[in-house]
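Have a look at the structure below before the remarks.
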Amino acid sequence: TSLQLVFSTTILLLLYFQNSVLVFTYGSYGFVSERSPCACRICVADRGNSNWFSERYDPNVPILLNSTNSVLSTNVSRWWKLQIVPNAGNYTEVVDQLFPLFPDKEHYSDAGPDRCRTCAVVGNSGNLLGSNYGPLIDFHDFCFSLRINKGPTEGYEKDVGSKTTHRIVYPESAMDLDNSTHLVLLPVKILDIQWLISAFTTKNITQTYTKVPSTIKANKDKVMILHPEFIRYVYDNWTEGHGLYPSTGFLTLIFALHICDEVNIFGFGATSDGIWHHYFEKILTSYEIGIHAGRFENETINRLQQENKILIHKGWT
Ligand SMILES: *[C@@H]1O[C@H](CO)[C@@H](O)[C@H](O)[C@H]1NC(C)=O
Ligand SMILES: *[C@@H]1O[C@H](CO)[C@@H](O)[C@H](O)[C@H]1NC(C)=O
Ligand SMILES: *[C@@H]1O[C@H](CO)[C@@H](O)[C@H](O)[C@H]1NC(C)=O
Ligand SMILES: *[C@@H]1O[C@H](CO)[C@@H](O)[C@H](O)[C@H]1NC(C)=O
Ligand SMILES: *[C@@H]1O[C@H](CO)[C@@H](O)[C@H](O)[C@H]1NC(C)=O
Ligand SMILES: *[C@@H]1O[C@H](CO)[C@@H](O)[C@H](O)[C@H]1NC(C)=O
Ligand SMILES: *[C@@H]1O[C@H](CO)[C@@H](O)[C@H](O)[C@H]1NC(C)=O
C-alpha cells in the first residue's frame, strides 16, 4: 500500500541522512551543517564524538616520508639519535638516495565525505582459531598483518584470512612479502633506512645490532617509510612517553587510525578459556619486549574501543 511505501521511504531517508543528523546533534551552532568526515557509519576522524581522542589525534602529522617533508625538527632528530643503536650515516645524505629508488608521492590524502575505507589489524592470538573470521577479515579494504613470520595462515585461511595489504617491518623483523603487500619501514635509526636501500640495491648490509637479512622479496613500487615525526608523535601522544618507543603492533594500529575511516582489530587478547597470548608481544623479539610499555598500550587500545574508534573482535562472546 502507499502507506507502506511512505513508511519505508522515510526509513531509507533516515538511514541516508544518519551521518548528517549525528552532526547536527553534536554541533553547538544550531543548524550549521557540517558533513561527516567519511562515508562510513562511524568515522575515526570525527573529532566531535570523543574529547579524549581529539586531544591526542593530530590529523596533520606527516605519516610517510617523502622528498618534500623529510627535514626533521631538532626535537625529532635529537630523540631519534638517542636510540640504543648508534647512527651509521648522515640522515640528509641517506634520505637523498631514497626517492629515486622508491615511489615519492603523497599517499592517502584522499580522505573525504565520500570515502569509507575499512581496515583490519590482524594479530596472532589463539582466539582466531575456530573463529571463521577469514572472509570477514579479507573483506576489508586494507589488512595490516602482524601475523608472525611464516605464521600459520596456510590451511587456516578460514579463521585468519589470507589478505595482507600492509606490513610494518624493520631490518631485524624483515621477511619476504607478497608482491601485493606494501612494505612499510619502521625506522628507529638511520641504519634502518640504509638497510632498506641496501636490500634493494647492493645487498651489503647484513648486520645491525644483530644479523639481518641482506635482502628480502618485496615489491619495490609499494615500499613506504614511516615518518620519524610520526613515530615520535605516537610516542608522545599515544604511549605518552612510556617505554623507549612504541611497539610495532601499536604503531600499526595508530597508522591504521590515520589512513582508514573504520578500524577493526582481530586476533587480540585471550582465548575464551582464558589463555593469554599477548597479541602484540608475540611478534616482538626479546630485544623489544623490555623497551615497550605493553600495559599502557593495552589500556590505550581498550580506551580506543570505549571511545568507539576501533572495534575489537574477540573471536568469542
Ligand atoms: C621540543 O622539546 C622541548 C623540550 O622537550 C619542548 O619544550 C618544545 O615544545 C618541543 N618543540 C616542539 C616543536 O615540539
Ligand atoms: C650531512 O650532509 C649534509 C649534506 O651533505 C651536510 O650539509 C650536513 O652538514 C651533514 N651533517 C652532518 C651532521 O655531518
Ligand atoms: C609529502 O607529504 C606531505 C605531507 O606530509 C605532502 O604535503 C607533500 O605534498 C608530499 N610530497 C610529495 C612530493 O608527494
Ligand atoms: C609485482 O608487481 C609489479 C607492479 O606493482 C609488477 O611490475 C611486477 O611484474 C610484479 N612481480 C611479480 C613477480 O608478480
Ligand atoms: C655497500 O656498498 C656501497 C656501494 O658500493 C658502499 O658505499 C658502502 O660503504 C657499502 N656498505 C657496507 C656496509 O659494506
Ligand atoms: C598531541 O599532539 C598535539 C600536537 O601534535 C599536542 O598539542 C597535544 O598536547 C598532544 N596531546 C597529548 C595528550 O600528548
Ligand atoms: C589488556 O586488556 C584486557 C581487557 O581489559 C585485559 O583482559 C588484559 O588482561 C590486559 N592485558 C595486559 C597484558 O595488561
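Counting starts at 1 for both ligands and their atoms, following the listed order.
Of the N or O atoms in Thr92, none lie within a sub-3.5 Å distance of an N or O in ligand 2.
Taking the centre of each ring, Phe142 and Phe255 stay at or above the 6.0 Å mark.
Within 4.0 Å of ligand 3, heavy atoms belong to protein residues Pro62, Asn66, Thr68, Asn69, Asp104, Lys105, Glu106.
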Working for salt bridge (charged side-chain N to carboxylate O under 4.0 Å, His left out), residues Glu240 and Arg56 | CA-CA 10 Å; Glu240 296 178 27; Arg56 287 162 181 78; 3.0 Å; yes
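Every residue meeting the ring-ring contact (aromatic ring centres under 6.0 Å, His included) condition with Phe53, not counting sequence neighbours, appears here in chain and number order: Tyr57, Trp238.
Counting the atoms of ligand 5 from 1 in the order shown, those under 4.0 Å from a heavy atom of Asn204 are 1 (C), 2 (O), 3 (C), 8 (C), 10 (C), 11 (N), 12 (C), 13 (C), 14 (O).
A donor-acceptor contact closer than 3.5 angstrom is absent between the side chains of Ser180 and Asp178.
The SG atoms of Cys119 and Cys260 lie less than 2.5 Å from each other.
To the nearest 0.5 Å, atom CG of residue Leu64 and atom CG of residue Leu226 are 6.0 Å apart.
Looking at every heavy atom in both residues, His140 comes nearest to Asn264 through NE2-ND2, 3.0 Å.
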